[in-house]
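A note on names: the letters A, B, ... follow the listed sequences, proteins ahead of strands, and every chain is numbered from 1. Computed from a predicted structure; not experimentally measured.
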There are 2 protein chains.
Amino acid sequence: MKILRVKKGEIIQLPNALKHNIIFVKKGLLRMYVVDDKGKEHVYMFAPEGWTLSDFSAIKENRTSNFFIDAIENSLIEIFSKGLGEELPKTTMELTDQTIDLMGRRIATLQDRIIMLLSYTAKERYQQFLLTYPDIVNRVPQKMIATYLGVTPQALSKIRGLK
Amino acid sequence: MKILRVKKGEIIQLPNALKHNIIFVKKGLLRMYVVDDKGKEHVYMFAPEGWTLSDFSAIKENRTSNFFIDAIENSLIEIFSKGLGEELPKTTMELTDQTIDLMGRRIATLQDRIIMLLSYTAKERYQQFLLTYPDIVNRVPQKMIATYLGVTPQALSKIRGLK
DNA sequence: GTTCGACGTTCATCTAGATTAATAAATCTT
DNA sequence: AAGATTTATTAATCTAGATGAACGTCGAAC
């Protein structure tokens, strides 16, 4: 485990990096995203203070990650090179309880996001985002929120214009 | 905990049912889905033998579920009325390990699904589905696969027609 | 302060997929 | 097996949102 200070705009992880990393954000704001074959970015998640980033799919399939991770603000982060949960040393029952709680909340978030992507219009997604992450709205460029919602920056701009 | 035998087509859970249930599928195939305001169904997940169904979002927010659950095949299921993980009696370390592994795999699946919904075309989604769930393809009506993928049944039929 | 690149907005066009509807095929019921 | 119900296919039309491009705005770097 190492503590790192990263600057706004700095890339912390490139796809196919060697190690499966888990990143805990102590201060600042990170972004985890993919870039498709046409070069377009799709934000998987934002991680402000207290959040944890990791690529569960890569860990479970024991492969390298397809995700980029970069800093949206100057940040202070902790990087663990081991997998989450089962690869952690079995210390206290309290720790595994914490892990289960963390994972449960993550699943709840992903579940809500999937229902949103399946059944909401662009406008509804944005309104939901405002309610769910009021703090993040003012900390990230609008175009990143757009790709988090699964729409283009232009479409989001239009939606906001109408209000 | 109770064991239940359910028939094909039978609805196991309606939205706003009283209790947060966790359902383990011993045999058969279930479906978990939402119905939007226009009456359209959106499949959140399929659960064949060995899979577990639960609404983490409802459990975490301590509210009733918005999901329907029904049986696609005659099935044998176990229903637990307690929450997953933290609400389970702390028995063995082995059990919590199992829980963490289960949740990790669920997160990996949801993560992959989100990337798919954000960045794949309808055709790419279907092709990916065929690779990931070859067994399920022949067990569920095509229209359900369509709404799992976030497209209309007509669009999926067209995609298959071209091939 | 000026320059430059990133960001947001606006608009004109295009298109993947939705919608609607009609038909055909498969499945269930008795 | 005949009818009824559900599911899949096909086709014509429509639309939310994508695409591409131009322009104004802002903050960072010099």
Side-chain angles (χ1 to χ4, degrees), chain A residues 6-11 29 31 33-43 46 68 70-74 116-130 136-163, chain B residues 6-11 28-29 31 33-43 46 68 70-75 116-130 136-163:
Chain A
V6 291
K7 283 205 202 124
K8 176 175 176 174
E10 192 173 329
I11 292 183
L29 180 57
R31 169 179 70 136
Y33 62 103
V34 293
V35 177
D36 68 25
D37 9 307
K38 283 168 203 144
K40 273 186 301 190
E41 297 176 0
H42 305 273
V43 175
F46 298 108
F68 287 81
D70 66 10
I72 293 176
E73 301 174 351
N74 293 332
M116 183 179 94
L117 290 172
L118 287 178
S119 64
Y120 287 19
T121 64
K123 187 177 185 176
E124 289 166 341
R125 292 177 200 180
Y126 180 62
Q127 290 168 338
Q128 187 60 47
F129 186 85
L130 290 181
I136 292 188
V137 174
N138 308 302
R139 294 169 67 185
V140 312
Q142 196 171 301
K143 65 169 189 171
M144 292 184 189
I145 295 177
T147 74
Y148 175 93
L149 299 176
V151 301
T152 57
Q154 293 93 321
L156 180 55
S157 173
K158 194 175 182 181
I159 286 162
R160 280 170 34 93
L162 304 177
K163 192 57 199 297
Chain B
V6 292
K7 282 205 207 127
K8 176 175 175 174
E10 191 174 328
I11 292 183
L29 179 58
R31 168 179 70 136
Y33 62 103
V34 293
V35 177
D36 67 26
D37 9 308
K38 283 166 203 145
K40 272 186 300 189
E41 297 176 358
H42 304 273
V43 175
F46 298 109
F68 287 81
D70 66 10
I72 293 176
E73 300 173 354
N74 293 333
S75 307
M116 182 180 93
L117 291 172
L118 287 178
S119 64
Y120 288 18
T121 63
K123 187 176 186 178
E124 290 167 340
R125 292 177 201 180
Y126 180 61
Q127 290 169 337
Q128 187 59 46
F129 186 85
L130 291 180
I136 292 188
V137 174
N138 309 302
R139 295 169 68 184
V140 313
Q142 195 171 302
K143 65 171 188 169
M144 291 183 190
I145 296 177
T147 74
Y148 175 92
L149 298 176
V151 301
T152 57
Q154 293 92 322
L156 180 55
S157 174
K158 194 175 183 181
I159 286 163
R160 280 169 35 92
L162 305 177
K163 193 53 196 299

Donor-acceptor check, side chain of [X] to backbone of [Y], threshold 3.5 angstrom: yes or no?
X	Y	result
B/S75	B/V6	no
A/R125	A/Y120	yes
A/N74	A/K8	yes

Exercise for the section: Would you grab the first and last nucleotide of DNA chain C (5' to 3') that comes under 4.0 Å of any non-hydrogen atom in chain A? Expected result: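 Range of nucleotides touched by chain A: C/dC7 to C/dT10.
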Practice task
Find the distance between CD (B/Q154) and NZ (B/K143) and round it off to the nearest 0.5 Å.
Solution key: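 If I round to the nearest 0.5 Å, the distance is 11.0 Å.
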Practice task
Find the distance between CD1 (B/I159) and OG1 (B/T121) and round it off to the nearest 0.5 Å.
Solution key: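 Here the interatomic distance stands at 7.0 Å.
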Problem - Check against side-chain contact (heavy atoms from CB on, under 4.5 Å), A/K40 and B/S119 - result: CA-CA 9 Å; A/K40 273 186 301 190; B/S119 64; over 6 Å; no
Problem - Sugar-phosphate or base contact per nucleotide [nucleotides 17-26 of chain D; S, B, -; heavy atom under 4.0 Å] - result: SSBBB-----
Problem - CA sep, side-chain torsions, deciding dist, call: B/L118, A/L117, side-chain contact (heavy atoms from CB on, under 4.5 Å) - result: CA-CA 8 Å; B/L118 287 178; A/L117 290 172; 4.1 Å; yes
Exercise for the section: Take the angle between the ring planes of B/Y33 and B/F68 and call it parallel below 30°, perpendicular above 60°, tilted in between. Expected result: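 Ring orientation of B/Y33 relative to B/F68: parallel.
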Problem - Euclidean distance, atom OH of residue B/Y126 to atom C1' of D/dA8 [Å, nearest integer] - result: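 Between C1' of D/dA8 and OH of B/Y126: 12 Å.
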